[in-house]
Amino acid sequence: MLEELVAFAQCGTLAKAAEQLGLTQPALTHSMKNLEEILGVQLFIRRPNRLSLTETGKYAAREAQKLIVANQKFTDKVQFFEQNQAIITIGANAPGPLIVVRSLQESNVTIKDEHIMDNYSHVLLEEQVTCLIINEPLETDQITSIYIGTENMSINLSNDSPLLKITKLSFNDLKNRTILSPKEIGFWRKIYQENIANGKFIFQGESSEYSELLNYSSIPFFTTNLTKLDPHWGGNLPTNRVIKPLTDKAAHQPFYICFLKRNKNRLLPLIDKVQSQWAEVD
């Protein structure tokens, strides 16, 4: 009945509302009369060949819309909760940690491909994911986090690059350089842009095109200690490059797996596997 009231408020006439709802006009009229009786208020002004909402009716329609939305959110939350009991859904703000998780090939793990860049607590509390892997610890009354590993950034240079003469290479040494990079790199994009002055980045969305460009050029590119675990973006890369670690603190990002405290016991076996896999590539 609330949905019917909202439909009438939106459509303005019984005929249009009935058509939208797939009802007959007499059925809709009867339903609206029942709603008035249940609420004990007058919702409609009845004139010959015309029905309109009273001010109370307009208010009731607005409140009904809020209840309908709240009901859908309730349904979504329950469904998210149920899914998370059977399947562990993981999100992250960078691709590296997800490379580690994928390499485990766990049958009960689902990975969100789109990076989650903010509102971390909200995402967890709303059960949108079971856990988040981000480059900062997260601690609240309901949320906790565990360190799982550090991603270390390096630059891959051609054998004749003048940068090879620099003993301790930093982001600042890459200023004005053209660098090829995968497109979806999460927060790393911001780090590149903030730390490499006048850097010219060529972002590629397809791994095959990315590797082809690298193999037919001498353009520098980044890899990390986790890249080798990725069969797509870490495969078919040039073998004739010199890998130089970057010394900046920003080039070494610790990652934490964050989750609701009540999910800790069911997540600990997976966390242990991720930590062990990460340690092997270090």
Side-chain angles (χ1 to χ4, degrees), residues 1-93 110-134 136-145 186-187 190 258-264 266-267:
M1 285 188 290
L2 295 182
E3 289 176 348
E4 292 166 0
L5 176 64
V6 170
F8 177 80
Q10 292 173 343
C11 296
T13 68
L14 276 174
K16 291 180 180 178
E19 182 180 359
Q20 177 178 300
L21 295 165
L23 300 173
T24 63
Q25 287 190 51
L28 183 56
T29 300
H30 180 71
S31 183
M32 292 299 92
K33 186 176 180 181
N34 284 343
L35 182 58
E36 281 184 314
E37 292 176 355
I38 291 170
L39 294 175
V41 297
Q42 183 180 349
L43 299 176
F44 300 95
I45 300 171
R46 294 173 172 84
R47 297 188 180 94
N49 300 320
R50 186 181 176 191
L51 188 68
S52 60
L53 288 169
T54 64
E55 288 303 314
T56 300
K58 293 175 183 177
Y59 173 79
R62 292 194 297 270
E63 292 301 306
Q65 180 62 45
K66 293 178 185 178
L67 284 172
I68 292 168
V69 171
N71 179 65
Q72 186 57 54
K73 286 184 177 179
F74 166 77
T75 302
D76 291 343
K77 283 183 178 181
V78 172
Q79 290 175 348
F80 275 132
F81 182 84
E82 171 62 20
Q83 291 169 6
N84 283 337
Q85 297 312 295
I87 299 293
I88 295 173
T89 306
I90 300 179
N93 64 352
T110 297
I111 295 172
K112 280 193 171 291
D113 292 322
E114 184 177 348
H115 296 130
I116 298 170
M117 304 304 296
D118 51 27
N119 298 321
Y120 302 133
S121 295
H122 175 78
V123 169
L124 288 169
L125 292 171
E126 290 292 310
E127 301 280 349
Q128 294 178 27
V129 296
T130 317
C131 54
L132 269 175
I133 305 178
I134 57 177
E136 59 184 278
L138 187 59
E139 298 289 339
T140 71
D141 290 342
Q142 299 182 61
I143 298 169
T144 190
S145 54
F187 69 83
K190 183 179 180 181
C258 308
F259 50 89
L260 297 178
K261 292 178 180 178
R262 59 178 172 78
N263 286 330
K264 183 174 183 178
R266 62 187 291 253
L267 287 172

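Values reported hereafter were calculated over all heavy atoms of this structure, with side chains retained and with hydrogens, waters and symmetry mates removed. Position 1 is the first residue of the sequence, and the numbers go up from there.
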Item to check | Point-to-point distance, once rounded to the nearest 0.5 Å, from CZ of Phe8 to NZ of Lys16 | outcome: 11.5 Å
Checklist entry - Can any side-chain N or O of Glu126 pair as donor or acceptor with the backbone N or O of Gln128 at less than 3.5 Å? => result no
Next on the checklist: Closer than 3.5 angstrom, by distance alone: can the side chain of Ser31 be matched with the main-chain N or O of Ala27 as a donor-acceptor pair?
Outcome noted: no
Item to check | Validation row: Ile133, Phe259 side chains within 4.5 angstrom (heavy atoms) | outcome: no
Next on the checklist: I'd like to know if the side chain of Thr144 and the backbone of Thr140 have a donor-acceptor N/O pair within less than 3.5 Å.
Outcome noted: no
Checklist entry - Can you name the nearest heavy-atom pair linking Leu2 to Leu35, along with the distance? => result CD2-CD1, 4.4 Å
Checklist entry - Any side-chain heavy atom of Ile45 within less than 4.5 Å of one from Leu53? => result no
Item to check | Nearest heavy atoms of Met117 and Phe187, plus distance in Å | outcome: CE-N, 3.5 Å
Item to check | Heavy-atom check, side chain of Ile143 versus side chain of Leu125, under 4.5 Å | outcome: yes
Next on the checklist: With a 4.5 Å cut-off on side-chain heavy atoms, are Thr110 and Ile88 touching?
Outcome noted: no
Item to check | Residues, nucleotides or ligands: over 12 heavy atoms within 6.0 Å of Glu114 CD | outcome: no
Next on the checklist: Testing the basics here: between Ala15 and Gln25, what is the closest heavy-atom pair and its distance to 0.1 Å?
Outcome noted: CB-NE2, 3.6 Å
Item to check | Audit row: Leu67, Glu63, side chain to side chain contact (heavy atoms under 4.5 Å, CB included) steps and yes/no | outcome: CA-CA 6 Å; Leu67 284 172; Glu63 292 301 306; 5.6 Å; no
Item to check | From CD (Glu3) to CD1 (Ile68), nearest 0.5 Å | outcome: 5.0 Å
Checklist entry - Is the shortest heavy-atom distance from the side chain of Thr56 to the side chain of Gln42 under 4.5 Å? => result no
Checklist outcome for this item: So CG of Leu39 and CG of Asn34: to nearest 0.5 Å the spacing works out to 11.0 Å
Checklist entry - Would you find more than 12 non-hydrogen atoms of other residues, nucleotides or ligands less than 6.0 Å from Arg46 atom CZ? => result yes
Item to check | Least distance between heavy atoms, Gln20 atom then Gln10 atom | outcome: NE2-OE1, 4.1 Å
Next on the checklist: Using only atom types and a distance under 3.5 Å, with no angle test, would you say the side chain of Glu139 pairs donor to acceptor with the backbone of Ser145?
Outcome noted: yes
Checklist entry - With distance as the sole test, does Thr130 use its side chain to make a donor-acceptor pair with the main-chain N or O of Thr89 at under 3.5 Å? => result yes
Next on the checklist: Using side-chain heavy atoms (C-beta onward) and a distance below 4.5 Å, is Leu124 in contact with Leu138?
Outcome noted: yes
Next on the checklist: What's the separation between atom CD in Glu19 and atom CG in Leu28, rounded to the nearest 0.5 Å?
Outcome noted: 12.5 Å
Checklist entry - If only atom types and distance count, is the side chain of Lys261 paired as donor or acceptor with the main-chain N or O of Asp141 below 3.5 Å? => result yes
Checklist entry - Can you find a heavy atom in the side chain of Ile90 that is under 4.5 Å from one in the side chain of Val129? => result no
Item to check | Separation of Arg47 CZ from Ser52 OG (nearest 0.5 Å) | outcome: 5.0 Å
Checklist entry - In Å, rounded to the nearest 0.5 Å, how long is the span from CG of Asp118 to CD1 of Ile134? => result 11.0 Å
Checklist entry - Going through the checks in order, is the side chain to side chain contact (heavy atoms under 4.5 Å, CB included) test met by Asp76 and Glu127? => result CA-CA 9 Å; Asp76 291 343; Glu127 301 280 349; over 6 Å; no
Checklist entry - Within the side chain of Glu36, is there an N or O that forms a donor-acceptor pair under 3.5 Å with the backbone of Leu43? => result yes
